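Down below is the structure, laid out as structure tokens.
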Amino acid sequence: MQKIVDFRSDTVTQPTPEMKQAMLNAPLGDDVFGEDPTANLLEETVAERFGKQAGLLLPSGTQSNFIAMLAHCQRGEEVITAEEYHVFSYEARGASVLGGISLHPLSSTAYGAINAAQVESAIKEDDSHFPISKLVSLENTVSGCVQPQESIREITTLAKQHGLNTHLDGARIFNASIASGIAPAELANGFDSVSICLSKGLGTPAGSVLVGDHDFIRYARRQRKMLGGGMRQSGMLAAAGLHALKHHVERLADDHQNAKKLATAFAKIPSLNVDLERVQSNMVFIQPDDEELTELAAFLKTRDIIISRQRLVLHLDITAEMVDKTISAVNDFYE
């Protein structure tokens with residue numbers, strides 16, 4: 001049977017046989033009672049890696065970000081973020097709909113960056129006409145782009161000067177670490193909380209870990225229960241996460257190399273309009289016109305290659321041979 005080459009997202013990966021075995025062998029308990037040893041170990045391991053005191057295993061990155069905002073903000077308070085960031089554009093505005101939290105989106109550069117001056121201009125004065133600015137939420141990577149650490153440091157420092165909390169959506173923060181050579185704890189420095197996805201890039205079937213100080217995580221755990229995120233024998237998912245942390249982080253460099261190879265080949269085709277500067281980790285963006293994109297996607301599907309919109313994401317299940325196959329198929333389409 002021909003194997004499908006699926007570029008839609010790094011969430012489509014299947015657990016490896018070794019990961020499945022680790023899940024089967026995991027010691028289990030009731031995590032809602034705090035008795036699952038594997039879940040506890042994962043939370044401690046991730047917290048330590050990111051230089052925080054404690055962690056909390058959650059079913060998804062969306063719930064992790066939402067709980068972080070609930071834990072930092074009360075109803076009527078505000079999160080300053082960017083329009084392109086996941087918490088604003090791709091989480092159904094849950095913070096506003098369910099949490100009564102206002103979101104103030106800033107415009108970002110083509111590479112996902114905002115700066116301290118933008119954040120400062122968005123902070124509200126103490127006036128009953130306005131929501132209360134309470135949290136700055138950043139993201140790294142943004143659409144595959146690694147965010148400048150100096151700019152992040154300026155923003156988190158500014159936030160603290162104004163009494164604001166800081167959160168980092170680090171769904172693909174390990175990609176940022178591998179691409180930049182900066183350790184996860186340094187990338188997380190200056191943030192009160194960080195959300196880390198295990199199912200993006202690392203190949204687990206589900207799960208994110210939210211990290212912060214003890215008091216923050218204690219309150220976040222209550223929010224998890226309220227939102228129905230408390231799981232019982234969650235050590236099976238945690239075991240997948242522990243396996244991924246041990247075996248799948250360094251190999252992200254392979255995804256980055258494959259992305260660059262794909263992008264370099266695509267850049268030779270004028271109508272794809274590939275910006276090579278944007279290819280900083282595991283994502284490649286193409287920009288043909290809509291009709292051409294539809295025709296290209298249909299053609300690739302006949303070759304057992306799936307793309308979604310204009311983004312191709314490299315991941316655990318995409319081999320170098322599959323990249324070569326895709327380059328060949330795209331060249332065939334344009335001949």
Side-chain angles (χ1 to χ4, degrees), residues 1-22 111 141-146 171-182 184 197-205 240-241 243-288 293 296-335:
M1 181 178 177
Q2 181 71 28
K3 188 168 184 179
I4 298 295
V5 183
D6 193 341
F7 287 103
R8 288 175 298 170
S9 177
D10 44 6
T11 61
V12 302
T13 54
Q14 297 291 312
T16 63
E18 295 81 7
M19 181 179 286
K20 290 179 180 178
Q21 192 60 52
Y111 306 112
T141 61
V142 179
S143 296
C145 294
V146 180
R172 295 181 175 89
I173 196 167
F174 284 113
N175 289 95
S177 178
I178 293 297
S180 66
I182 300 174
C197 262
L198 303 173
S199 61
K200 295 184 177 73
L202 298 187
T204 73
H243 180 87
L245 291 174
K246 186 174 182 180
H247 298 286
H248 294 174
V249 173
E250 296 301 324
R251 64 145 307 280
L252 291 172
D254 297 337
D255 298 338
H256 299 179
Q257 183 177 353
N258 284 334
K260 288 179 181 176
K261 183 177 182 179
L262 201 66
T264 300
F266 288 174
K268 297 175 183 177
I269 302 171
S271 66
L272 291 184
N273 296 308
V274 175
D275 180 359
L276 291 175
E277 292 297 318
R278 194 176 181 182
V279 186
Q280 300 176 19
S281 59
N282 68 324
M283 296 186 189
V284 178
F285 288 84
I286 58 175
Q287 294 180 307
L293 179 60
L296 174 61
F299 176 82
L300 291 177
K301 193 171 183 180
T302 68
R303 303 289 186 93
D304 297 311
I305 301 167
I306 303 175
I307 64 173
S308 176
R309 297 180 297 176
Q310 296 155 314
R311 184 184 76 168
L312 287 80
V313 184
L314 284 295
H315 53 75
L316 180 66
D317 291 351
I318 301 288
T319 65
E321 291 74 21
M322 291 176 177
V323 170
D324 291 337
K325 172 184 175 178
T326 303
I327 292 170
S328 178
V330 171
N331 284 334
D332 287 346
F333 175 79
Y334 283 101
E335 281 185 353

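This one's a predicted model, so the numbers in the text were calculated from it and none came from an experiment.
Between atom CZ of residue R172 and atom OG of residue S143 there is a gap of 8.5 Å, rounded to the nearest 0.5 Å. Between the CG atom in D6 and the OG1 atom in T13 there is a gap of 10.0 Å [rounded to 0.5 Å]. Between the CG atom in N258 and the OG1 atom in T326 there is a gap of 10.0 Å [rounded to 0.5 Å]. For the atom pair CG of L316 and CZ of R251, the computed distance is 4.5 Å after rounding to the nearest 0.5 Å. From R303, atom CZ reaches atom NZ of K325 across 8.5 Å, with rounding to the nearest 0.5 Å.
Residues M19 and G203 share a closest heavy-atom pair of SD-O, 3.4 Å. Listed here is the closest heavy atom pair of A329 and L300: CB-CD2, 3.7 Å. Taking each heavy atom of L293 and I307 in turn, the nearest pair found is CD1-CD1, 4.3 Å. Residues L198 and G241 approach most closely at CD1-CA, 3.9 Å, considering heavy atoms. Across all non-hydrogen atoms, the minimal contact from A240 to P205 is CB-CD, 4.0 Å. Nearest heavy atom pair, residue P288 against residue Q310, reads O-NE2, 4.3 Å.
A donor-acceptor pair is defined here as one N or O able to donate and one able to accept, closer than 3.5 Å; no such pair exists between the side chain of S281 and the backbone of H256. Side chain of S9 to main chain of V12: no donor-acceptor pair is present (N/O by atom type, distance under 3.5 Å, no hydrogens or angles).
Within the 4.5 Å cutoff, side-chain heavy atoms of I286 are placed close to those of L296. No side-chain heavy atom of V146 sits less than 4.5 Å from a side-chain heavy atom of N175. Side-chain contact between L314 and V323: present, with at least one pair of heavy atoms (C-beta onward) separated by less than 4.5 Å. The side-chain heavy atoms of I327 and K261, taken from C-beta on, include a pair separated by under 4.5 Å. For the pair D255 and D10, the minimum side-chain heavy-atom distance is 4.5 Å or more. Side-chain contact between H243 and T16: present, with at least one pair of heavy atoms (C-beta onward) separated by less than 4.5 Å. Side-chain contact between V284 and F7 is absent, with no heavy atoms from C-beta onward closer than 4.5 Å. Taking the side chain as every heavy atom from C-beta outward, L312 and F285 never approach each other to under 4.5 Å.
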**Request:** Let me see the working for L252 and L202 under side-chain contact (heavy atoms from CB on, under 4.5 Å), right down to the final yes or no.
**Result:** CA-CA 8 Å; L252 291 172; L202 298 187; 4.2 Å; yes
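Under the salt bridge (charged side-chain N to carboxylate O under 4.0 Å, His left out) criterion, K260 pairs with no residue, sequence neighbours left out. With sequence neighbours excluded, no residue forms a salt bridge (charged side-chain N to carboxylate O under 4.0 Å, His left out) with R278.
A donor-acceptor pair shorter than 3.5 Å cannot be found between the side chains of N282 and H315.
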Which donor-acceptor pairs under 3.5 Å do side chains of residues 267-275 form with protein atoms, sequence neighbours excluded?
| from | atom 1 | to | atom 2 | distance (Å) |
| --- | --- | --- | --- | --- |
| S271 | OG | E292 | OE2 | 2.7 |
| N273 | ND2 | S271 | O | 3.3 |
| N273 | ND2 | Q287 | O | 3.0 |
| D275 | OD1 | E277 | N | 3.0 |
| D275 | OD2 | Y111 | OH | 2.9 |

